[in-house]
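Right, one structure below, let's go through it.
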Amino acid sequence: MKQLEDNRELKAFREHQVIDWTDEEELVRSFLNEGLALDVVDDYLKSSAPSTYAQERELWRNIYKGVIVGNETLDELLEEKSLYWNDDKDIIDTFVLKTVNRFTEDTTPDMPLLPKYRDESDWQFANELLRNCVAHEKELLDLIESSTRGWRVERIALMDRVILQVALCEIQYFSSIPLTVSINEYVEIAKHYSAPGSSRYINATLDTVSKKLTLNKQQ
């Protein structure tokens, strides 16, 4: 915990955050009580044998998993502060647990935290994909509408429309990515973020539009 507290990158990150826990004393106290009630903590406190650094590190990982991961009260509070938290919380939990696991006894305050992206190329891809989606919005929505059998694009559920727009942008402007990979990725995204049954609709729509695009390129 001292190593996390002293980590320079984490300190810099905290200075720019708007969430403050000073007004959430009751919630923080509940975290403490839940942590103290965990079996792993009880076993640790009762043990008379000296613990190793690795055991201490694993203890804190288990405390985090037992108190923070899946905590509905915390999830609701975070969602009140930002609607994005309900999507990001699982990813952040994974990042926290991986970060703690990377620490060793020799870790210094200069150790970098896990990056948001795997590498610079991932960041560039995400940035370029977003820019192309915005720049070619009308063209992409026209492609979607061409496959809806007379439906106006506005009648498509917003989340489905967004997923289709981004998927078609990737298909149109990122030719290095195989077509089947793009379709499969966005069908999986639809299963997670959209309504039941939307993944089948998105799969069929992307298949139809991609066939049209392929045919047009061949002519």
Looking at [X], I'd like to know if its [atom1] atom is crowded, meaning that more than 12 non-hydrogen atoms belonging to other residues, nucleotides or ligands lie closer than 6.0 Å.
X    : atom1 : value
F174 : CZ    : yes
E26  : CD    : no
Y64  : OH    : yes
D39  : CG    : no
E139 : CD    : yes
R131 : CZ    : no

Measure the [atom1]-[atom2] distance between [X] and [Y] for me, rounded to the nearest 0.5 Å.
X    : Y    : atom1 : atom2 : value
H192 : S199 : NE2   : OG    : 13.5 Å
L113 : L10  : CG    : CG    : 5.5 Å
C169 : N132 : SG    : CG    : 4.5 Å
E188 : N203 : CD    : CG    : 10.0 Å
K11  : R8   : NZ    : CZ    : 7.5 Å
L77  : E72  : CG    : CD    : 13.5 Å

Can you hop from [X] to [Y] via hydrophobic side chains spaced under 4.5 Å?
X    : Y    : result
Y53  : I63  : yes
L158 : L130 : no
Y186 : I177 : yes
W60  : F95  : no
V181 : L164 : yes

4.5 Å side-chain heavy-atom contact, [X] and [Y]:
X    : Y    : answer
L32  : V28  : no
E145 : I156 : no
S146 : K212 : yes
I183 : S210 : yes
V67  : L74  : no

Could you tell me whether a side-chain N or O of [X] sits under 3.5 Å from a main-chain N or O of [Y], the two making a donor and an acceptor?
X    : Y    : result
R61  : N101 : no
Q165 : C133 : yes
N7   : M111 : yes
H16  : A12  : yes
T107 : T104 : yes

Search all heavy atoms of [X] against all heavy atoms of [Y] and return the closest pair with its distance.
X    : Y    : result
E9   : P112 : OE1-CA, 3.3 Å
Q55  : P50  : OE1-O, 4.3 Å
V69  : K89  : CA-NZ, 4.1 Å
A190 : I202 : CB-CD1, 3.5 Å
E34  : N71  : OE1-ND2, 3.5 Å
D75  : G70  : OD2-C, 4.4 Å

### Message
So if I apply the side-chain contact (heavy atoms from CB on, under 4.5 Å) rule between K211 and each of T208, D207, V209, which one comes out positive?
### Response
D207
### Task
Classify the ring geometry between H136 and Y173 as parallel (under 30°), tilted (30 to 60°) or perpendicular (over 60°).
parallel
### Task
Say whether D119 and S121, considering side chains only, have a donor N or O and an acceptor N or O under 3.5 Å apart.
yes
